There are 2 protein chains.
Amino acid sequence: MAKRPTVYDVAARAGVSIATVSFTFTQPHKVRPSTREAVEEAARALGYLPSASARGLARGKTGAIGLFSFDYYARNSGVTPDADAPFGDEANEDFRMFPLYHDEVQRGVEMECWRRGYVLMVGDTKSTSSEADIAGIAGRVDGLAVFPNTLPDEILLRISKRIPVVELSIPINNNGLHGVSVDNEGGLAALTEHLISVHGLTDIAFVGPLGFPDKEHRFSGYSRAMEAAGLAIRTVDTAPPGQLAAFARDTVAGMLAEGTLPQALACSTDEEALAYMDALAAAGVSVPGQIAVTGFDGLVAGLVNRPALTTVRQPLVELGRTGASILIDQVASPGKEPVKRQLPVKLMIRESCGCRAA
Amino acid sequence: MAKRPTVYDVAARAGVSIATVSFTFTQPHKVRPSTREAVEEAARALGYLPSASARGLARGKTGAIGLFSFDYYARNSGVTPDADAPFGDEANEDFRMFPLYHDEVQRGVEMECWRRGYVLMVGDTKSTSSEADIAGIAGRVDGLAVFPNTLPDEILLRISKRIPVVELSIPINNNGLHGVSVDNEGGLAALTEHLISVHGLTDIAFVGPLGFPDKEHRFSGYSRAMEAAGLAIRTVDTAPPGQLAAFARDTVAGMLAEGTLPQALACSTDEEALAYMDALAAAGVSVPGQIAVTGFDGLVAGLVNRPALTTVRQPLVELGRTGASILIDQVASPGKEPVKRQLPVKLMIRESCGCRAA
DNA sequence: GGGGCAAATCTATGCGCTTTAATCGCCGCG
DNA sequence: CGCGGCGATTAAAGCGCATAGATTTGCCCC
C-alpha cells in the first residue's frame with residue numbers, strides 16, 4: 001500500500017489550499033465550479049480517500065452507530081461455534097438454521113442506519129470482554145445499541161454519559177437509558193385469552209423462567225387473562241440453563257405419571273414451546289389433540305414446526321430500527337429525558353393451539 | 001451529553017502527563033502500578049472514553065474491517081423492504097424466513113473480526129450509492145470485503161491501492177484483488193457424478209444462467225462429469241430476472257408437452273431447484289419419482305423442503321471468515337501478490353435425487 | 001554521599017481534516 | 001480613480017491521541 005494521499009497532496013496537485021479541498025467535499029456549492037473540478041480531478045488521479053479518523057476527530061462525531069451483539073449460541077445452547085471446527089462438521093449443520101433473534105434485530109438496526117446515512121459498527125460481547133474492548137467500540141461511535149444483559153449496567157451508565165445508549169427489548173424501566181421494548185404483557189394476555197375464549201380451555205399452565213423482566217411481564221399478561229376469566233394460575237418449574245430438552249421430558253413424564261397434564265402450556269418463549277412439543281411427542285401426547293402449546297417470539301423454527309406453533313410475534317426488525325432511530329435522533333439533538341418506546345406485538349394463530357388442521 | 005473528557009482531563013486529575021495516560025491504556029506494563037491505578041481511577045471518575053478517531057489518526061490504522069453488504073431482497077425478489085411498511089404486514093411474513101446467503105457470510109466475517117480483535121463496519125450498497133458513500137466506509141477501515149457485483153471494478157481497484165480489498169465468492173481471476181471462492185466446478189461435478197453412478201441416470205439437464213463466472217464453473221463441472229461418462233450435455237434456457245417461477249412452470253409444461261422431460265435437473269442454484277420442484281409438483285410430476293432435481297448453495301430452504309433438496313453446500317460462514325482473515329493478515333503485512341483462496345464444498349445427499357425416502 | 005544505570009515519566013510533535021476568521025480579487029458605483 | 005461590498009480562497013488553530021526522544025526518578029553499589 002502506497003502512502004495514502006491526504007488533503008495536502010490533493011491541494012498541491014490542484015494548486016489550491018487544503019481548505020478548498022475540504023470544502024469541495026463537504027460544501028461543494030461554496031466553491032467555484034472550475035476549481036471544484038480541478039480538485040476532483042486531482043483527487044481522482046491520486047486515488048484520494050478522506051480519512052474518517054481525521055474527519056471524526058475534527059468534527060467530534062464519527063457518523064457511526066454501534067451495536068453490541070453477543071454470542072447467542074454460546075449463551076443458549078452451551079455450544080460455542082468453534083473457530084477451528086472444520087467446515088462441514090455435521091454438528092454444526094443446523095447451527096444457523098433459522099435467523100436468530102438478534103440477527104433480526106441487527107438487520108433492523110442496519111436498515112435504519114443506512115437509511116439515515118450512518119454506518120454500523122458491530123462488536124461482540126464475549127465473556128472475556130474487558131472494559132477496554134467495550135471502550136474500543138464506544139469510543140468510535142456516536143450512539144450505542146445493546147442487547148439486554150450483555151453489559152453490566154454500571155458500564156452502560158458510564159457510557160451513556162457521553163453518548164446515547166439504547167437498550168433493545170428491555171422492558172420499560174427507569175435505569176436512565178433509552179429503551180425499546182415490546183408489549184410482552186399484552187401479547188401473552190391476548191394469547192391466553194385466545195386459549196380461553198376460542199378453545200374453551202380452563203387449565204392453562206404458564207411455562208417460563210421468571211426473574212427476567214420481559215418474562216415477568218409475559219407472566220403478568222397470562223395472569224391477567226386467567227384472572228379475568230376467573231381461572232386458576234398454574235406454573236411449571238423452570239429448566240436449569242442448557243437443560244431445557246431433558247427438563248421438558250422429565251416434566252412431561254411427571255405430569256403424565258401424576259395425571260396432572262394441563263389442557264395447555266402457555267410458554268414464555270418459542271424455544272420452550274418447541275422443547276415441550278418435542279417432549280410431548282416423544283411421550284406420545286398429541287398436540288394440539290390432547291394439549292395445546294403456545295410460544296412467544298415468532299421464531300421461524302416455530303413456523304416450520306408441525307404443528308405450526310401458535311405464538312406472539314415480536315417485531316424484531318422494527319425493534320432494531322426503532323432503537324437505531326432513537327439513537328440517531330439523540331445524536332442530532334440530545335434530549336434530557338431517556339426515550340422509552342414500546343412496540344405492539346402480533347398474535348400468530350397457527351396450529352398448535354388447536355386452530356386449523358394440525 | 002457533557003463534553004467528553006480527554007486524556008488531558010484524565011492527566012490533570014491524576015497528576016501526570018498525557019503520555020502517561022496514554023501508556024496506561026496501551027502499554028500498562030510500562031507504567032508503575034501505583035500511577036497506573038491513579039490514572040485508572042481518574043479515568044473512571046471522569047467517565048473517560050478514548051476517542052477512536054484520535055487514536056486512529058495518530059496510529060494510522062482504524063482497527064476496523066469494512067463489509068459492503070447489499071440489498072439482497074431488492075435484488076432477488078424485486079421486493080424492497082419498505083422502511084415505512086407497518087409491522088405485521090403479512091406480505092413481509094416470510095421475508096426473512098431463512099438466513100440468506102449474505103447473512104451467513106457476514107456472520108463469518110463478524111466471527112473472524114472479533115476473534116482477531118477487529119470491529120466490523122457494515123455499509124450497504126444501495127442503488128444510490130455515491131462515490132462519497134463508498135469513501136465514507138473505505139476511509140474508516142483498514143480493509144474492505146465486498147460481495148461480487150456490488151461495486152464497480154474501477155472503484156474497487158482504486159480503493160485497493162490504499163487498503164486491502166477482498167472479493168467474497170468471486171471465482172479466481174486476475175483482477176488484482178484478493179479473493180475467496182468455492183469449488184464450484186468440483187461441487188457440481190461430484191453432484192452430477194452422483195446422479196450418474198448412484199442413480200444410473202443418463203439424461204441430465206443443466207439449469208442455470210451462464211454469463212456469471214461462478215455459474216460457468218458449475219456448468220463446467222457438470223460438463224466434465226457428463227463427458228467423463230460419455231453422456232450428452234443438455235441445458236435448459238435461463239429464466240429472465242424475476243420471472244423464475246413463471247418461467248419454470250412454462251418450461252416444465254413445454255417439456256411435458258413435447259415429452260422431453262429429462263431424468264434429472266441439475267440446477268445451478270437452490271433457488272432454481274426449488275422453483276422447478278414447485279413447477280413440477282404443480283404439473284403433477286413426482287420428485288424424485290419421475291425426475292430428480294438438485295441444487296447448489298445449501299440454503300436452509302432446501303433442507304426444509306419436501307423432498308429435501310440434494311445439493312452442494314457452500315461454506316458460507318467459512319467464506320466470510322476466510323475473507324476477513326485475509327484482510328487482517330494483509331493489514332498486518334501487506335503482500336505484493338493478491339491472495340486467492342478456494343474453499344471446498346460439500347455434497348449434501350438428501351431426498352430430491354432419489355436417495356432415502358422422499 | 002556520589003556515580004551509574006534502568007525504569008518511569010514527560011516534552012514536543014504530528015496524524016489528516018474541519019472550521020473560523022481573515023485575506024484576496026473583482027465588480028460596480030460614486 | 002478610489003471605495004464599498006461580496007464571493008472565493010486561504011491561513012491557522014485546533015480536534016484527542018501515540019510515540020520518539022529527552023529528562024527525571026529510583027535504586028544499587030562503592
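Chain letters run A, B, ... following the sequence lines, proteins first, then strands; residues in each count from 1. Quick caveat: nothing in here was measured; it's all calculated off a predicted structure.
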- Please work out if B:S22 contacts a base, only the sugar-phosphate, or nothing of the nucleic acid, heavy-atom cut-off 4.0 Å. base

- Message: Taking B:E40 first and then B:R36, would you say they form a salt bridge - that is, a charged N and a carboxylate O separated by under 4.0 Å?
- Response: no

- Side-chain heavy-atom pair A:Q330, A:V339 within 4.5 angstrom cut-off: yes

- Base, sugar-phosphate, or nothing for B:S53, non-hydrogen atoms under 4.0 angstrom? nothing

- Message: How many whole angstroms separate atom CZ of A:R32 from atom P of C:dC24?
- Response: 16 Å

- Query: Between A:R116 and A:D329, is there a side-chain N and carboxylate O pair less than 4.0 Å apart?
  - Reply: yes

- Mapping B:A58 and B:V16 to their closest nucleotides on DNA chain C, which lands nearer the 5' end? B:V16

- Note on the structure: Rounded to whole Å, the CG-C1' distance (B:L57 to D:dA18) equals 11 Å

- Query: Is B:T35 near enough to C:dT9 that one of its side-chain N or O atoms lies under 4.0 angstrom from OP1 or OP2?
  - Reply: yes

- Query: Are A:E112 and A:R115 ion-paired here, with the side-chain N under 4.0 Å from a carboxylate O?
  - Reply: yes

- Base, sugar-phosphate, or nothing for A:F25, non-hydrogen atoms under 4.0 angstrom? nothing

- Note on the structure: Rounded to whole Å, the NE2-C1' distance (B:H29 to C:dA8) equals 12 Å

- Quick one: label A:T20 by what it contacts on the DNA or RNA (base, sugar-phosphate, nothing), any heavy atom closer than 4.0 Å. base

- Item | Distance-only donor-acceptor test, B:Y8 side-chain atoms vs D:dC17 base atoms, 3.5 Å | yes

- Note on the structure: When rounded to whole Å, the CZ to C1' distance for the pair B:R4 and D:dC15 reads 12 Å

- Item | Atom-to-atom span, CZ of A:R59 to P of C:dG16 - whole angstrom | 17 Å

- Just call it for B:V21: base, sugar-phosphate, or nothing, with non-hydrogen atoms closer than 4.0 Å on any strand. nothing

- Given atom CZ of B:F23 and atom C1' of D:dA18, what is their separation to the nearest angstrom? 8 Å

- Here the gap from B:L49 atom CG to B:T6 atom OG1, rounded to the nearest 0.5 Å, amounts to 12.0 Å

- Please state how far atom CZ in A:R162 lies from atom P in D:dG16, giving the value in whole angstrom units. 12 Å

- Message: Could you tell me how far apart B:I18 (CD1) and C:dC10 (P) are, to the nearest whole angstrom?
- Response: 10 Å

- Does A:S17 put a side-chain nitrogen or oxygen below 4.0 Å from OP1 or OP2 of D:dT10? yes

